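For reference, the structure discussed in these notes is given below.
Order of the sequence lines sets the chain letters (A, B, ...), proteins ahead of strands, with each chain counted from 1. Every value quoted in this text rests on a predicted model; they were computed, and no experiment measured them.
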Protein chains: 2
Amino acid sequence: MSIAAVKEPEAVAKEPGSAPNWVYLFDALPDLETQVKPTSWDEVRALLGGKGANLAEMTRLDVPVPPGFTVTTRACNAYLAHDRQFPPGMWEQEVAAMRELETRTGKIFGDPDNPLMVSCRSGAKFSMPGMMDTVLNIGLNDQTAQGLIALTGNPRFVYDAYRRLVQMFGAVVLGVPDEPFEQIIAEVKQERGVTQDIDLNAEEWMRITERFKGLIKSYRNKEFPQDPWKQLELATRAVFDSWFGKRATDYRNATAIPHDLGTAVNIQTVVFGNMGEGSGTGVAFTRNPVDGTNVLYGDYLINAQGEDVVAGIRNTLPISHLRQDMPVIYDEFIAICDKLEAHFHDMQDVEFTIEQGKLWMLQTRNGKRTARAAIKIAVDMAKEGLIDEKTALKRVTPEQVEMLLHPQFSESVKKEARAAERQLVSKAVNASPGAAVGQAVFDADTAEKWAKEGKSVIMVRPETKPDDVHGMIAARGILTSRGGATSHAAVVARQFGTPAVCGADILQINVEQKLFVVQQENREVEVHEGDWLSIDGGTGEVYLGQLETREPDFESEVELKTLLTWADKTRTLGVWANADYPKDAERARRYGAEGVGLCRTEHMFFETERLPIVQEMIMATSKARRLAALEALLPMQRKDFEGIFRAMSGLPVIIRLLDPPLHEFLPAHDQLVQELADLKVRLQHFHTLSEIDTALSEVRRKEDVLHRVRALSEANPMLGLRGDRLGIIMPEITEMQVRAILEAAINVKRSGLEVHPEIMIPLAGHVNELKVLKQLVENVSNEVFTEAGTTIAVKYGTMIEVPRAALTADEMATEAEFFSFGTNDLTQTTFGISRDDAEGRFLIEYAEKGILPDNPFHTIDRDGVGKLIEMSVRLGRSTRPDMSMGICGEHGGDPASIGFCHEVGLNYVSCSPFRVPIARLAAAQAAMK
Amino acid sequence: MSIAAVKEPEAVAKEPGSAPNWVYLFDALPDLETQVKPTSWDEVRALLGGKGANLAEMTRLDVPVPPGFTVTTRACNAYLAHDRQFPPGMWEQEVAAMRELETRTGKIFGDPDNPLMVSCRSGAKFSMPGMMDTVLNIGLNDQTAQGLIALTGNPRFVYDAYRRLVQMFGAVVLGVPDEPFEQIIAEVKQERGVTQDIDLNAEEWMRITERFKGLIKSYRNKEFPQDPWKQLELATRAVFDSWFGKRATDYRNATAIPHDLGTAVNIQTVVFGNMGEGSGTGVAFTRNPVDGTNVLYGDYLINAQGEDVVAGIRNTLPISHLRQDMPVIYDEFIAICDKLEAHFHDMQDVEFTIEQGKLWMLQTRNGKRTARAAIKIAVDMAKEGLIDEKTALKRVTPEQVEMLLHPQFSESVKKEARAAERQLVSKAVNASPGAAVGQAVFDADTAEKWAKEGKSVIMVRPETKPDDVHGMIAARGILTSRGGATSHAAVVARQFGTPAVCGADILQINVEQKLFVVQQENREVEVHEGDWLSIDGGTGEVYLGQLETREPDFESEVELKTLLTWADKTRTLGVWANADYPKDAERARRYGAEGVGLCRTEHMFFETERLPIVQEMIMATSKARRLAALEALLPMQRKDFEGIFRAMSGLPVIIRLLDPPLHEFLPAHDQLVQELADLKVRLQHFHTLSEIDTALSEVRRKEDVLHRVRALSEANPMLGLRGDRLGIIMPEITEMQVRAILEAAINVKRSGLEVHPEIMIPLAGHVNELKVLKQLVENVSNEVFTEAGTTIAVKYGTMIEVPRAALTADEMATEAEFFSFGTNDLTQTTFGISRDDAEGRFLIEYAEKGILPDNPFHTIDRDGVGKLIEMSVRLGRSTRPDMSMGICGEHGGDPASIGFCHEVGLNYVSCSPFRVPIARLAAAQAAMK
């Protein structure tokens with residue numbers, strides 16, 4: 001029933017075209033729909049706020065909700081727009097709604113004999129947790145408190161409730177700071193010699209309430225209003241005002257919530273779960289939020305108030321126990337849960353109170369859940385027919401898939417640690433996801449040193465500075481006591497994929513003494529340098545000791561695999577993998593890759609038994625020697641390629657020719673100089689001719705290498721003799737690689753498997769480069785095919801990783817049969833930023849100053865790099881309309897970038913094997929947009 | 001009269017619509033114009049070839065030209081298109097034209113009593129010097145030779161002419177190689193014991209002629225045809241065929257001349273200048289081709305053949321002498337020269353022969369000239385009214401202006417050297433312009449070593465390889481005996497602007513013995529390591545000893561200055577200069593610069609007295625110390641800026657904030673490592689405590705610096721912490737610079753001058769960078785203005801030098817008030833090529849292989865970098881339509897790039913002060929296109 005049905009004042013809705021409805025009772029949803037004609041649930045939420053809309057919806061579903069009403073966001077906006085005056089008629093409608101609550105509850109607002117008490121809560125369209133204000137227990141005053149004591153027989157409870165009203169009213173409505181209130185409670189506890197709130201009695205709470213009133217008087221020279229109507233009016237104003245409070249404004253700026261939405265105000269009858277053995281209170285999830293199983297999950301307490309359940313001061317009972325305790329209530333509760341799930345099509349997190357045998361639902365919302373639960377619930381619900389497969393795909397984030405595929409602490413391990421009181425922090429900022437176990441270290445130099453010695457290190461700092469970065473890079477995890485999700489530590493950690501927990505202000509860190517102290521209610525913990533810590537950067541938890549991490553096992557993730565098959569049906573974007581070794585290719589295929597988008601041949605060069613041959617090849621002073629070394633490398637490369645072709649039989653495999661500058665395969669310059677100097681010092685101490693002889697020949701050898709290193713050294717190796725330039729200047733290396741690829745392909749084909757080799761040219765920026773190398777590839781192909789007496793189809797393509805290649809993609813496409821975007825290098829050259837020199841260095845200040853919103857090496861820079869990719873797609877297809885195009889840079893595994901790839905019409909993304917499942921989901925979500 | 005007027009065969013033109021005219025007599029131009037109706041002189045040249053068209057034009061002007069005719073390019077194309085068959089009617093027309101020549105000369109083709117002799121020369125639309133073939137003296141045979149002897153009384157001349165016919169016919173028509181012919185002459189000379197052709201007598205030339213005939217017989221089993229008509233037919237065919245000869249085809253490929261033009265064939269009566277004292281021959285320029293003065297310039301010989309004048313075997317007479325020798329002929333010649341100049345509107349290079357008192361003009365063409373002459377002639381002719389100012393501007397190339405403004409050998413110095421027989425080579429490849437003087441060195445290591453010792457070095461090699469580049473860079477000039485304009489040496493030299501002469505095959509270089517030998521007719525010269533050489537890379541000349549170079553003096557170049565004022569009236573593109581010091585700015589202004597487009601503040605940092613302070617600033621361990629160092633730098637920077645503002649009073653001055661990475665101001669890392677290693681080795685040998693103490697403190701000092709160098713070291717400094725990133729991370733440096741700029745501007749303004757300071761941000765790639773720094777600039781401005789009690793207008797702009805800036809130019813333009821394209825860095829990042837690592841290294845192979853047609857660091861890469869610039873202009877102006885945009889990279893001084901800048905609508909180019917005049921001309925030429 002709408003406020004229109006309420007008698008006083010006369011409801012305006014009776015006369016259409018007159019003043020609007022500012023207030024809706026929870027059961028007025030049908031009226032609202034008749035009057036406002038919302039076109040979507042979204043519009044209802046915009047008007048009533050998320051909380052108000054859900055309460056109204058529950059009411060419509062005949063779920064028992066304590067009577068209440070919502071003052072609309074429109075009223076808030078009118079108030080804010082007109083000099084903070086309630087819009088005409090609003091207050092009258094609010095009063096009328098209160099009268100209706102009196103009628104329904106049989107209680108009277110302000111009546112000491114049977115007082116009605118209400119809560120006043122903000123509730124915007126989008127959840128802004130903790131950002132706006134709430135006042136509870138409105139309606140209590142010196143008189144009604146007495147009445148309530150008579151009613152409940154529990155003066156301690158009543159004075160606790162009363163002091164909460166005074167405290168909240170003082171803070172929220174009158175702007176008195178919180179500290180002096182807490183100070184008063186602390187003083188009273190000290191007088192009594194107790195430490196816990198629970199130990200204070202009714203008299204003491206009464207005394208506290210009085211002192212709170214005095215505090216307000218001294219701060220604001222105002223009395224705490226005894227008039228319940230005044231309380232209600234001021235609380236309503238305060239909630240409206242809080243929309244433009246600093247916290248809320250900052251939060252909206254940070255989360256891009258529009259400032260013109262306004263907040264609704266929810267006024268709801270207070271019900272009591274502590275009115276004896278027939279009362280109780282609890283919280284529950286309609287399914288298990290940890291593992292996702294379809295079993296009611298929650299706790300309750302008999303004869304208790306809501307806060308007591310979550311405060312953990314009394315031992316709660318598992319929800320299943322309610323079946324014995326109150327079988328009728330239990331059945332009713334189960335039915336309500338089913339109804340809510342069926343209605344909201346999602347697992348619900350509900351709060352309930354039983355007041356003298358009557359079940360009241362106080363709140364329902366979509367329940368938070370672990371990644372594992374999210375996936376299981378989505379898949380189960382789709383199978384149950386509650387949602388369709390596409391909705392199931394939308395319910396899981398790529399990040400949740402990622403969590404399942406990286407080492408993590410299992411819930412049981414964490415539970416055990418909690419039980420053993422090894423949890424230090426349960427709610428710091430989850431700054432960078434992942435589980436990390438290591439020994440605490442309090443400075444960057446030690447972190448780096450210990451890490452070099454092979455130790456696992458958790459770097460602990462109050463906050464981090466650029467000077468700390470070398471230690472942060474070396475650490476397995478990062479833990480700070482100050483700063484949030486955008487602090488230096490958080491930004492660096494995410495850039496390096498290092499797990500991090502930030503802003504854990506419970507830690508009192510003493511850097512000089514290399515320790516931190518945690519004061520908890522019942523104990524004090526000291527952690528010293530070298531002590532083990534386990535942190536969960538995905539949840540913000542910190543544990544003492546070494547928690548066991550669980551390796552992911554894709555095969556056993558049945559629901560995930562099901563979800564991904566649905567994703568495969570939905571997505572249009574291919575998902576390939578970057579794989580340098582047969583074992584990578586095998587994993588990629590298991591994870592669902594449809595091809596290898598990048599096989600980097602240089603990684604093979606670095607293997608222990610090969611590096612000496614590679615170095616010989618580079619040091620060769622004659623072409624004959626170089627060819628001999630290449631000859632020795634050929635069968636090794638061929639074997640690698642055979643393995644990859646076998647693993648990917650039937651699927652395309654793109655092999656990139658050698659890319660890095662040659663000096664990367666030689667010892668470092670400084671090291672050589674140092675070794676030479678050392679050798680020369682030692683030479684002073686040798687006496688026998690043979691000693692000197694040996695040392696001298698060693699000196700000569702090292703000097704040769706140093707000479708070559710110097711000759712090969714470059715000012716900017718990233719932009720130097722590498723990529724296809726190497727193949728043009730030293731064609732013999734390319735010839736060997738092409739031969740190895742083709743011979744391997746022929747061998748595998750002969751064993752009866754299907755092979756689709758594709759040869760990819762790195763770093764090309766001019767079509768003439770592609771022409772020169774295509775000729776070389778053709779020459780070698782002809783040789784190999786003639787020798788083998790057979791041929792094989794090979795595609796020839798190029799990476800697009802310098803801007804010029806993108807700008808001239810139409811020309812590049814005359815030679816290249818496919819494009820693969822090397823977005824790492826493309827980002828470097830487009831920005832003119834060397835990743836090695838920027839990440840963890842000036843890019844951090846760029847992130848802190850908000851100059852670059854995202855790390856462009858993680859998420860594709862749409863405005864710059866993205867523009868080049870779009871241009872390449874358009875130009876390349878203008879020359880070769882059926883051209884295959886993909887991305888093989890790191891961005892290929894980033895969900896936001898995958899969305900971009902889908903939008904610009906790429907054929908596939910290629911990412912690390914571990915990210916293939918993430919990419920499959922992200923690609924499906926992109927297709928549904 | 002056209003061939004149509006010739007009697008036999010019946011001319012086809014009489015019947016319109018029948019077979020076309022394939023042949024035109026030189027005086028048939030009016031007929032041709034009636035029949036063909038050419039719309040331009042260009043079309044006439046296309047049909048008759050350049051040579052034929054000029055001969056016809058001279059004939060029309062009533063200049064006495066030996067009778068002749070042209071077989072058209074159309075005939076050539078018909079011949080080539082139809083299986084090398086003369087098109088129907090062509091031969092008959094050629095025969096008819098020959099008959100007309102007989103009529104006009106009174107000589108008969110093949111008649112021993114009075115033989116007509118003709119030359120047969122190719123002549124395409126565009127000059128292709130030496131690329132196609134010529135046969136002279138057609139009509140000579142055993143009988144007519146006797147007749148000619150009777151006529152001239154000079155059997156030696158006749159047999160020399162006859163053997164030339166046989167030799168040319170053998171080589172050109174029958175494809176006998178040239179060497180055996182030369183071998184026969186050499187043998188006969190050996191028998192006679194003489195070394196010069198001139199020493200052979202009539203009997204010997206007769207014998208040689210007979211042996212030539214035998215040579216043809218033995219090589220091709222064919223007799224040399226005695227039938228003059230056969231000679232003519234085969235020579236005509238041979239000229240046609242030569243169009244698709246390898247040399248001609250390669251030449252056209254290299255110079256982008258279309259392959260379908262075809263060549264004309266010019267058949268012309270041979271006239272003789274050696275028929276006694278009333279005969280003679282000469283060559284002349286209608287103006288002085290060396291200095292451009294309007295005086296006839298040339299040489300002649302009485303009783304001589306054409307070749308004798310240029311062969312230099314007899315002492316020629318200056319053309320002025322002809323006035324006494326043959327006053328009537330002289331006057332006629334002067335009148336003809338005037339007529340030709342007036343007609344062709346350019347200085348002419350003419351050949352003439354006087355046959356028994358009758359003057360014949362054999363050729364006229366636009367004369368080649370020095371840069372100085374080109375400018376003077378163009379300006380003089382415009383002043384004389386022969387051409388207009390715009391034509392004068394087109395007559396001079398920017399390269400010619402450049403030659404005048406760089407050190408060069410004066411003509412008098414070169415003449416002196418020639419007189420003293422110090423010229424070694426007069427016609428090698430002018431591979432890279434400029435004059436260089438240095439000591440000969442025969443290997444790269446010595447070149448580098450000597451150069452480091454302060455010596456001037458000319459590096460001499462048979463040819464160069466990539467291993468030689470370090471020496472080539474160190475050398476003042478490069479000289480090779482092999483290879484042409486696209487050889488490694490030539491490419492490297494041009495890339496580094498080093499003068500080079502290549503392919504001087506007269507030098508017999510012995511690298512082992514470190515010397516070269518030059519065999520000249522009358523002497524042998526040996527040049528050893530350390531001997532002085534002077535080379536002129538603009539002309540390909542090589543001289544012994546040290547030739548004096550002349551410094552350019554812009555003020556005295558009166559004609560150039562006149563030409564440039566005309567350029568200024570024509571061009572729409574501004575010309576500014578890059579100037580880091582007041583003296584640069586002063587020069588720039590003298591040379592015509594209209595602003596300073598780039599003042600690089602870092603160059604000031606490198607000055608001897610400042611570098612220690614800069615290093616102190618960088619090494620500072622506290623902010624206070626850094627600020628103190630900056631404080632010390634401030635007045636120095638301010639003084640620099642004051643000087644530049646004064647020099648450019650009234651004109652804009654763009655100052656770029658500090659750009660290079662800080663480690664550039666510290667000692668090199670490798671050097672420090674080596675020095676430390678050496679110091680530690682030496683430590684072993686010290687014995688006294690004080691020695692050790694000193695050494696140790698030196699070690700410590702160097703270690704400190706090394707530590708800082710390492711901390712600042714970057715993998716790719718070009719893409720690292722430099723440019724605006726430096727200003728964002730270390731704002732105090734930027735603050736100092738902005739303060740220095742503003743204080744300087746205010747000081748200069750107070751002295752009564754007009755200042756237009758503009759502050760430019762380097763390397764920005766994201767608009768947010770510009771926002772952050774704009775705030776800083778505004779803050780400092782406000783401080784300075786408040787302190788000074790006055791304000792000054794300052795523009796704020798950015799360089800566009802990374803692709804992202806170009807791609808987001810619309811956003812960049814919201815903050816930037818001007819753009820300046822830093823095309824050096826933009827080219828580096830667009831190509832992904834580090835110039836330091838590529839030029840003189842792999843870019844050389846890229847040029848040799850034709851991968852990159854031009855060095856993109858010299859001439860703007862239109863397809864890639866150019867596309868980004870076009871995009872920036874379009875996007876930038878979409879945000880800020882009146883935005884000023886210019887280019888300040890090295891390309892700003894390159895004529896081709898200046899043309900591009902004009903086309904895309906930039907406002908100005910900024911180049912080095914020395915190139916300002918070049919840019920003024922290039923901009924004018926671009927405007928006229």
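- Only the side chain of B:Lys849 comes within contact range of chain A, judged by heavy atoms closer than 4.5 Å.
- Only the side chain of B:Asp836 comes within contact range of chain A, with heavy atoms under 4.5 Å apart.
- For the pair A:Asp863/B:Arg804, a side-chain contact is recorded, criterion being any heavy-atom separation below 4.5 Å from C-beta on.
- The main-chain N or O of B:Ser834 is never found under 3.5 Å from a side-chain atom of A:Asn716 such that the two would form a donor-acceptor pair.
- The candidate with the highest count of non-hydrogen atom pairs below 4.5 Å against chain B, out of A:Gly765, A:Ser713, A:Gly864, A:Gly723, is A:Gly864.
- Using a 4.5 Å heavy-atom cutoff, the side chains of A:Lys771 and B:Ile851 are not in contact.
- Annotation: maximal heavy-atom pairing with chain B below 4.5 Å, among A:Thr829, A:Leu868, A:Thr830, occurs at A:Thr830.
- For A:Asp678, no part lies under 4.5 angstrom from a heavy atom of chain B.
- Heavy-atom pairs under 4.5 Å with chain B peak, among A:Val802, A:Ile833, A:Leu721, at A:Ile833.
- Put simply, CE on A:Met871 and CE on B:Met871 are 3.5 Å apart, with the number rounded to the nearest 0.5 Å.
- Looking at B:Ala711, the atoms closer than 4.5 Å to chain A (heavy atoms on both sides) all sit in the backbone: N, CA, C or O.
- Scanning all heavy atoms of the two residues, the minimum distance from B:Ala715 to A:Pro717 falls at O-CD, 3.3 Å.
- Of the listed residues B:Ala764, B:Ala677, B:Pro803, the one with more heavy-atom pairs under 4.5 angstrom with chain A than any other is B:Pro803.
- For the pair A:Tyr846 and B:Ile728, the minimum side-chain heavy-atom distance is below 4.5 Å.
- B:Arg725 CZ to A:Leu843 CG: the interatomic distance, rounded to the nearest 0.5 Å, is 8.5 Å.
- Proximity to chain B (any heavy atom under 4.5 Å) is shown, for A:Glu801, by neither the backbone nor the side chain.
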Exercise for review: Kindly indicate, with the supporting measurements, whether the criterion side chain to side chain contact (heavy atoms under 4.5 Å, CB included) is fulfilled by A:His766 and B:Leu852.
Suggested key: CA-CA 8 Å; A:His766 197 291; B:Leu852 290 181; 3.4 Å; yes
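- The NZ atom of A:Lys680 sits 12.5 Å away from the CZ atom of B:Arg682 when rounded to the nearest 0.5 Å.
- Summarising the geometry, atom CZ belonging to B:Arg722 is positioned 10.0 Å from atom CZ belonging to A:Phe842; distances are rounded to the nearest 0.5 Å.
- Atom NZ of A:Lys702 has more than 12 heavy atoms from other residues, nucleotides or ligands within 6.0 Å.
- In this structure, chain A has a heavy atom under 4.5 Å from the side chain of B:Val772, while its backbone stays farther away.
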